[in-house]
Novice: 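Handing you a structure now.
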Amino acid sequence: MITSKTKVLGLIGWPVDHSLSPIMHNAALADSGIDAIYAALPVEVENLHEAVRGLRAVGYLGLNVTIPHKLGVVELMDELTPLARAVGAVNTIKFTSEGKIIGHNTDVVGVTQPLIDAGLQFEGAAVVVLGAGGAGRSAAAACALAGARKVTVLNRTAEKARAITEEFQRSDAFPDSVQWEAGSLAAARDWTGIDAVLQMTSLGLKGNTETPIDPSLLPASCFVLEAVYAPMQTPFLAASRAKGLRAVDGLAMLIEQGAASLEFWFERRIERSAMRTALAEFLEHR
Ligand code: NAP
């Protein structure tokens, strides 16, 4: 029951009407017995400052932040957690009881934790990120922060991949020892020695049957992470699984960053299973 004590959380972005976050967060809150609700809040760029301060003023406990605000909210934070500072982007905001605004980033664990759970050891790994949009950028940063030895970013538009790796090479947020490489998705390459491939392009979204690379060329020991979650089984995942690779779906990434946000707000462990059940049911019936 929603009472006057119920805490309120929300997602700010533009647009937010296709977001799955309210579904998985409200399922997790109910499953965990936490007296809070989560809403999607459309906020245009010109209203960002007013919205964040206003939501603090009306007693929101915290916010998730999505496109196009992940960079724009950084300057509004009173404090950044070390992860948010390293990535330079905020996807989770906490309003403290003293009125402070703390910015955090759970996109990083959204990428790394599902692969670690599947058995990947990032320390010393050679990883390839396919895509250089928002997801590709944060996946590349996440792998380097998790200890990868070599991070290669491949993109249809190779210059975008190069811009990211050159920026990260110069940044002091990552160890100097990380080897950064960039290239074109279309170029033929030798996949020997690659420990993980992270599919961060939008290829494979419902109705699209293309794969950015042919997973049958990957080494048998390679791990695969897919970003796209609708459909849950993309052509890239299907081909990876057919080859016998250890493959993690896009829902795992979505759920992990969401659960990590809830854990940041409530400082307690959140079970992931209710989130997956709610999302799978929604995606199956929509
Ligand atoms: P974005 O910033 O728009 O970037 C799109 C990326 O896909 C770019 O690298 C783009 O290459 C590439 N791409 C698009 N069409 C292509 C094609 N026909 N052939 C080859 N490459 C193509 O999007 P984003 O925010 O990075 O998101 C990418 C995907 O990840 C989306 O499907 C999104 O839903 C998903 N995602 C999932 C999660 C999750 O939690 N599971 C989180 C974030 C994003 P160019 O640069 O050459 O255009």
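Start at 1 and go down the list; that is how both ligands and their atoms are numbered.
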Novice: Between R156 and ligand 1, is there a nitrogen or oxygen pair with a distance under 3.5 Å?
Specialist: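 Yes, since at least one N or O of R156 sits under 3.5 Å from an N or O of ligand 1.
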Novice: Suppose the criterion is side chain to side chain donor-acceptor pair (under 3.5 Å): which pairs have a residue in residues 130-147, not counting sequence neighbours?
Specialist: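 Matches after skipping sequence neighbours: R137-E167.
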Novice: Determine if the distance from atom 23 (O) of ligand 1 to the closest protein heavy atom is below 4.0 Å.
Specialist: no
Novice: Heavy-atom distances under 4.0 Å decide this one: backbone, side chain, both or neither, for E210 against ligand 1?
Specialist: neither
Novice: Is A132 touching ligand 1 with its side chain, its backbone, both, or neither, if touching means heavy atoms under 4.0 Å apart?
Specialist: backbone
Novice: Pairs of nitrogen or oxygen atoms closer than 3.5 Å, one from K160 and one from ligand 1: do any exist?
Specialist: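 Indeed, backbone or side chain, K160 has an N or O that close.
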Novice: Taking D249 for the side chain and A252 for the main chain, is one N or O donor matched with an acceptor at less than 3.5 Å?
Specialist: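 Checked: pair present.
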Novice: Could you say whether the N/O atoms of A227 and ligand 1 ever approach to under 3.5 Å?
Specialist: yes
Novice: For ligand 1, does L251 get within less than 4.0 Å through its side chain, its backbone, both, or neither, judged by non-hydrogen atoms?
Specialist: neither
Novice: Run down the list I67, T201, L154 and name the one with the heavy atom closest to atom 29 (C) of ligand 1.
Specialist: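 Shortest heavy-atom distance from atom 29 (C) of ligand 1: T201.
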Novice: Report yes if some N/O of Y229 lies less than 3.5 Å from some N/O of ligand 1; otherwise report no.
Specialist: no
Novice: Mind checking whether T157 contacts ligand 1 via backbone (N, CA, C, O), side chain (CB onward), both or neither, at a 4.0 Å heavy-atom cut-off?
Specialist: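 Answer for T157: both.
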